[in-house]
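Data first, discussion second: the structure below is written as structure tokens.
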Amino acid sequence: LSGKILRRQPGVKKEIFPGCKNPKLFLKLVRTLFSCRRKTIKNNLNIYTQNADLSVKILNTANIETNVRVEKLDIQTLLNLSDIVSDIMG
């Protein structure tokens with residue numbers, strides 16, 4: 001994942017994140033997921049959701065295995081995950 005895409009630009013715009021429903025949520029989610037790279041995505045998502053069951057539900061909806069490390073995911077998967085988090089958590 002390129003550091004360039006993750007740098008927050010003033011006034012985050014939808015055009016920068018094609019296919020992403022909520023760019024601000026995407027940036028916050030990715031920051032959280034990459035905060036502890038050697039943890040599994042489930043453990044890092046738990047930090048964001050504060051709810052282990054909800055994290056598993058989100059990952060199942062996104063068809064992502066709970067034991068995957070976030071650095072193994074491509075950008076499209078992260079964009080999709082962000083949209084699912086947005087839909088489920090509001």
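Being a predicted model, the structure only gives us computed values, none of them experimental.
Contact of the F26 side chain with the D83 side chain is not registered, since no non-hydrogen atoms from C-beta on lie closer than 4.5 Å. Looking at N22 and V85, their side chains never come closer than 4.5 Å, going by heavy atoms from C-beta outward. Contact of the L33 side chain with the L78 side chain is registered, since non-hydrogen atoms from C-beta on lie closer than 4.5 Å. Proximity of K42 to N67: side-chain heavy atoms (C-beta onward) are nowhere separated by under 4.5 Å. Side-chain contact check for V68 versus T40: every heavy-atom pair is 4.5 Å or farther apart. Side-chain atoms of L81 and L59, non-hydrogen and from C-beta on, do get closer than 4.5 Å to each other. When side chains are defined from C-beta on, K72 does not count as touching I41, because their heavy atoms never get closer than 4.5 Å.
No option in N63, N60, T61 other than T61 meets the side-chain contact (heavy atoms from CB on, under 4.5 Å) test with I84.
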Evaluate side chain to side chain contact (heavy atoms under 4.5 Å, CB included) for T32 paired with L45, printing each intermediate quantity in order.
-> CA-CA 7 Å; T32 302; L45 191 57; over 6 Å; no
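Separation of atoms OG (S82) and CG (L25) is listed at 4.5 Å; rounding is to 0.5 Å. Note: E71 CD to R38 CZ = 5.5 Å, rounded to the nearest 0.5 Å. From D87, atom CG reaches atom NZ of K21 across 3.0 Å, with rounding to the nearest 0.5 Å. With values rounded to the nearest 0.5 angstrom, T66 atom OG1 is found 9.0 Å from N43 atom CG. To the nearest 0.5 Å, atom CZ of residue R69 and atom SG of residue C36 are 11.5 Å apart.
Residue F34 is grouped with residue I58 when hydrophobic side chains (ILVMFWY) are merged at heavy-atom distances under 4.5 angstrom, including chains of intermediate members. By the criterion of side-chain heavy atoms lying less than 4.5 angstrom apart, applied directly or through intervening Ile, Leu, Val, Met, Phe, Trp or Tyr residues, I88 is not grouped with I47; the two fall into different hydrophobic clusters. Cluster annotation: L54 is not connected to V56 through the hydrophobic network of ILVMFWY side chains, with a link wherever side-chain heavy atoms come within less than 4.5 Å.
Using modelled atom types, one finds a donor on one side chain and an acceptor on the other under 3.5 Å when comparing N46 with S55. For the residue pair D74/T77, the side-chain donor-acceptor check at 3.5 Å is satisfied.
N44 places no side-chain N or O within donor-acceptor distance of the main-chain N or O of V70, the cut-off being under 3.5 Å.
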